[in-house]
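Have a look at the structure below before the remarks.
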Amino acid sequence: MLRLLHAAFASFLIANFFCSPVPSQAGSFVARGSSTTPKSEWRSTHAVHVLGMPDVKAKENGALIITPEYLRFSGTSGSSTIDLPSIVALSAGNERVELWGMKGRLLRMAVPYGGGAAFATFMHHQRDMLTVEFVDGQGNYHGSVFYLPGNEAEEAVRTITPIQVVHRDVPTETCSFAKVAANSILVKQPTANSSEMPVAYRVLVYEHIIERLRQSPGAYVVRDGVSESRNNCSQYTMQLSTSAFKPGSQVKRASMGPVGFFVGVTQITLNLEITDAQGRTVMRDQITATQRGESESVNVIDKLAHQVVNKWTKEQKQLQAHAS
């Protein structure tokens, strides 16, 4: 009898909480070679900007638009545009996440007799990740990541025609100690030594560290550049490489109850080295961040960035103390 009540209660919650019309997935794509005239614009109205687009807030919902000239994200806080010739790399990937996000967690919490974990075994869906790597007018490297409905990331990649990277002539100057800005740090693009590390995760590691460093008082953060001829006039240089990556699974963590705290864990190990303007190593460390519990796997990246910046802030204070 309890089982019947249990099932009836769960069915009632699902029917009343989520039985609303499912929005159709926006976006249209005509395959090359088709006899249909290709459309000049591709659009997704259910995109989420994760991080990386200038002048747009993180985790904001909006529309992603691709034309023959540009890629643009428009949200409530503003819009940002990338000219297609500025794009240096594109990547499409996906991961499985809990269905309905926080609503889904609240629903499972409301299921009696500990039955919420059982519902997590099927309350999940595939989410696409589109990663766009590009350079700005000064040749500085940027990376942006978007969440899209299933299969739209690959459509977006195919919509953008093959791109010839524009090599910009970046003015160079010979660096001297007099030109080195105090507390300035150049952050190099991370290298991934693990084949399992998704491109989106690598890009987000870089952007999260840049964002957190800029929140440090008095810090002057310099992005990596695409021109090898550019001289580095920063006081410090941060080099990053991921030595291990364990993808884990939010679905497993959510569906296995207390056991999920140990099973399906997402983990990243990052090698960190910081050198000064003379090339001397001032800090070397290996940092590991782990995502447990029911939160999304991608949250491990901000944890990692937080550790990196905290360790560097403490080290920098010691360096300043010794120099004074």
Side-chain angles (χ1 to χ4, degrees), residues 22-30 38-95 97 101-102 125-163 165-166 189 198-212 214-215 221 223-224 226 296-299 301-302 305:
V22 178
S24 60
Q25 293 184 0
S28 57
F29 170 75
V30 179
K39 295 186 177 181
S40 60
E41 180 181 290
W42 183 93
R43 177 186 296 260
S44 173
T45 56
H46 292 83
V48 178
H49 167 243
V50 182
L51 193 66
M53 287 290 278
D55 305 318
V56 179
K57 291 182 179 179
K59 299 181 180 179
E60 183 167 334
N61 297 321
L64 185 67
I65 303 166
I66 299 173
T67 75
E69 292 80 30
Y70 60 78
L71 178 150
R72 175 179 294 161
F73 178 84
S74 297
T76 54
S77 67
S79 62
S80 187
T81 301
I82 304 171
D83 294 333
L84 293 196
S86 298
I87 297 175
V88 297
L90 290 165
S91 175
N94 58 69
E95 61 181 6
V97 295
M102 183 56 70
H125 70 124
Q126 177 177 297
R127 177 177 63 189
D128 269 18
M129 295 186 293
L130 173 67
T131 305
V132 183
E133 298 175 78
F134 63 100
V135 294
D136 59 25
Q138 288 72 48
N140 298 318
Y141 168 85
H142 296 253
S144 297
V145 177
F146 304 91
Y147 291 148
L148 297 173
N151 301 319
E152 284 196 357
E154 289 189 2
E155 290 181 9
V157 171
R158 291 196 300 266
T159 300
I160 299 177
T161 55
I163 300 162
V165 178
V166 177
Q189 298 176 48
V199 174
Y201 277 56
R202 171 180 59 78
V203 168
L204 287 174
V205 165
Y206 183 80
E207 292 296 334
H208 272 286
I209 289 175
I210 290 280
E211 185 179 65
R212 284 193 170 272
R214 285 181 170 167
Q215 294 171 2
V221 186
R223 287 181 173 272
D224 200 0
V226 297
E296 293 183 23
S297 297
V298 75
N299 291 346
I301 298 171
D302 193 43

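Since the structure is predicted, the reported quantities are computational estimates derived from the model, not experimental observations.
In this structure, the side chains of Phe73 and Ile65 stay at 4.5 Å or more apart for every pair of heavy atoms. Side-chain contact between Leu130 and Leu64: present, with at least one pair of heavy atoms (C-beta onward) separated by less than 4.5 Å. The side-chain heavy atoms of Asp83 and Glu69, taken from C-beta on, include no pair separated by under 4.5 Å. Within the 4.5 Å cutoff, side-chain heavy atoms of Ile82 are placed close to those of Ile87.
Aromatic ring centres of Tyr141 and Phe134 lie farther apart than the 6.0 Å criterion allows.
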Passes side-chain contact (heavy atoms from CB on, under 4.5 Å), Asn140 versus Val135? Steps please. CA-CA 5 Å; Asn140 298 318; Val135 294; over 6 Å; no

Can Asn94 and Met129 be said to form a side-chain contact (heavy atoms from CB on, under 4.5 Å), step by step? CA-CA 5 Å; Asn94 58 69; Met129 295 186 293; over 6 Å; no

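Within the 3.5 Å criterion, the main-chain N or O of Asn151 finds a donor-acceptor partner in the side chain of Asp128. Side-chain N or O atoms of Tyr206 include one that pairs as donor or acceptor with a backbone N or O of Asp224 at under 3.5 Å. Not a single donor-acceptor pair under 3.5 Å links the side chain of His46 to the backbone N or O of Pro149. Listed for the Ser91 side chain is no donor-acceptor partner under 3.5 Å among the backbone atoms of Thr131.
Considering every non-hydrogen atom in both Ala58 and Val50, the closest pair reads CB-O, 3.3 Å. Heavy-atom minimum distance, Leu148 versus Ser44: CD2-OG, 3.8 Å. Closest approach of Asp136 and His142 over heavy atoms only: OD2-NE2, 3.0 Å. Here the shortest heavy-atom pairing between Leu71 and Leu84 reads N-CD2, 3.8 Å. Considering every non-hydrogen atom in both Val56 and Gly78, the closest pair reads CG2-O, 4.2 Å. Closest approach of Ala92 and Val157 over heavy atoms only: CB-CG2, 4.1 Å.
Applying the 6.0 Å contact sphere to CD of Glu60 captures more than 12 heavy atoms from other residues, nucleotides or ligands.
The structure places OG of Ser144 at 7.5 Å from CG of Leu51, a figure rounded to the nearest 0.5 Å. Atom-to-atom distance recorded for Ser77:OG and His49:NE2 is 8.5 Å, nearest 0.5 angstrom. Remark: Asp302 CG to His208 NE2 distance equals 5.0 Å, nearest 0.5 Å. Here the CZ atom belonging to Arg43 is positioned 10.5 Å from the OG1 atom belonging to Thr67, to the nearest 0.5 angstrom.
If you run salt bridge (charged side-chain N to carboxylate O under 4.0 Å, His left out) between Glu207 and each of Arg223, Arg212, Arg202, only Arg223 comes through.
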